[in-house]
Number of protein chains: 2
Amino acid sequence: MSDTHISVRQAETSHSECRAVADILARIGDKWTVMVIGVLSHGPMRYNQLHRAVEGISQRMLTLTLKGLEQDGLLKRTVYPTVPPRVDYQLTELGLTLIVPLQSLYEWAVENRPAMQAARKKFAQNKPETGLS
Amino acid sequence: MSDTHISVRQAETSHSECRAVADILARIGDKWTVMVIGVLSHGPMRYNQLHRAVEGISQRMLTLTLKGLEQDGLLKRTVYPTVPPRVDYQLTELGLTLIVPLQSLYEWAVENRPAMQAARKKFAQNKPETGLS
DNA sequence: CTGAATCCACCAAGATACTG
DNA sequence: CAGTATCTTGGTGGATTCAG
């Protein structure tokens with residue numbers, strides 16, 4: 001079982017590396033974060049704009065998501081002391097770099113989601129996997 | 001607010017794309033899935049091997065994670081009708097392709113996690129963000 | 001307009017014990 | 001060895017209300 005014959009070049013993934021990925025996933029893997037990042041990748045937005053753009057998110061979740069992103073330095077919050085108050089949210093440089101791996105994930109998604117859904121459907125149908133010659 | 005002047009080339013991310021990413025994240029974004037994938041990227045493994053390799057996972061969570069991966073066609077479960085029973089788990093072709101975007105995420109993680117943790121620390125310290133010129 | 005606060009439902013996940 | 005069953009708990013997320 002030596003790992004020297006593995007044909008996949010990307011198979012350098014080991015325990016510590018998985019922890020790193022899992023760590024990031026713990027922050028962007030929730031229900032709304034990637035949505036907010038995606039919307040904000042178009043440019044700065046105000047609170048209510050985000051609330052409408054994400055569509056389905058509650059105020060609470062939007063606030064929590066934004067706070068989490070700001071906390072991790074992925075988001076910048078700018079308050080204009082006007083009346084009524086105005087707050088702009090925009091991705092930081094760090095936040096913008098995150099779009100790259102997210103795109104990678106997106107490309108995998110559009111290409112393989114059909115296969116995943118088909119597999120899921122087959123699995124639900126009592127696993128008729130007897131497609132072997 | 002036209003999106004024609006956006007300077008970021010990766011900013012093609014729109015609503016539907018975010019949903020695709022969020023959809024994948026809903027399946028691999030949990031606590032253990034990427035761990036299991038990472039371990040299995042080294043080659044096939046048996047149940048107890050996985051249980052030891054992932055380290056910290058309960059039997060229940062391991063079983064559920066494996067079942068989820070198998071359901072989505074990312075994992076193949078092979079049962080050897082011996083005594084005692086032996087079950088091998090290995091990533092499918094589809095599952096192996098998932099390693100690519102995962103690597104992309106990993107590379108981002110190792111490069112930017114320090115910045116994230118620093119930002120998080122600063123945020124906790126009453127946000128001394130006064131680092132402007 | 002931009003949140004904060006509160007309450008509540010649901011589910012992920014851990015612990016433990018049991019089975020084939 | 002490879003799971004399943006049951007119970008319990010903490011956290012996530014939704015709805016609603018209140019405030020600056």
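- A 4.5 Å side-chain heavy-atom check between Ile28(A) and Leu69(A) finds every atom pair outside the cut-off.
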Report, as a single string ordered 5' to 3', how protein heavy atoms within less than 4.0 Å touch nucleotides 3-12 of chain C: B base, S sugar-phosphate only, - not at all.
BB-B------
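- Per the geometry, CG belonging to Asn48(A) stands 6 Å off C1' belonging to dC1(C), to the nearest Å.
- Between Pro85(A) and Leu64(A), the one whose closest nucleotide on DNA chain D sits nearer the 5' end is Leu64(A).
- Within the 4.5 Å cutoff, the side chain of Gln90(A) has no heavy atoms near those of the Leu75(A) side chain.
- As rounded to whole Å, 13 Å separates atom P of dC1(C) from atom CG of Leu62(A).
- Side-chain contact between Thr78(B) and Val87(B) is absent, with no heavy-atom pair separated by less than 4.5 Å.
- For His51(A) and dA15(D), the NE2 to C1' distance is 11 Å, given to the nearest whole Å.
- Of the side-chain N and O atoms in Arg46(B), one or more sit less than 4.0 angstrom from OP1 or OP2 of dA2(D).
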Could you give the side-chain donor-acceptor pairs of residues 29-38 of chain A under 3.5 Å, partners two or more places apart or in another chain?
| unit_1 | atom_1 | unit_2 | atom_2 | d |
| --- | --- | --- | --- | --- |
| Asp30(A) | OD1 | Trp32(A) | N | 2.9 |
| Asp30(A) | OD1 | Thr33(A) | N | 2.9 |
| Asp30(A) | OD1 | Thr33(A) | OG1 | 2.8 |
| Asp30(A) | OD2 | Thr33(A) | OG1 | 2.5 |

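- Checking Asp88(A) against Ile57(B), the closest nucleotide of DNA chain C that is more toward the 5' end is the one next to Asp88(A).
- Contact of the Leu98(A) side chain with the Asn112(B) side chain is not registered, since no non-hydrogen atoms from C-beta on lie closer than 4.5 Å.
- Here the P atom of nucleotide dC1(C) and the CE atom of Met45(A) are 15 Å apart, to the nearest Å.
- Ile28(A) has its CD1 atom 17 Å from the C1' atom of dT12(D), to the nearest Å.
- In this structure the side chain of Ile24(B) reaches within 4.5 angstrom of the side chain of Arg113(A), judged on heavy atoms.
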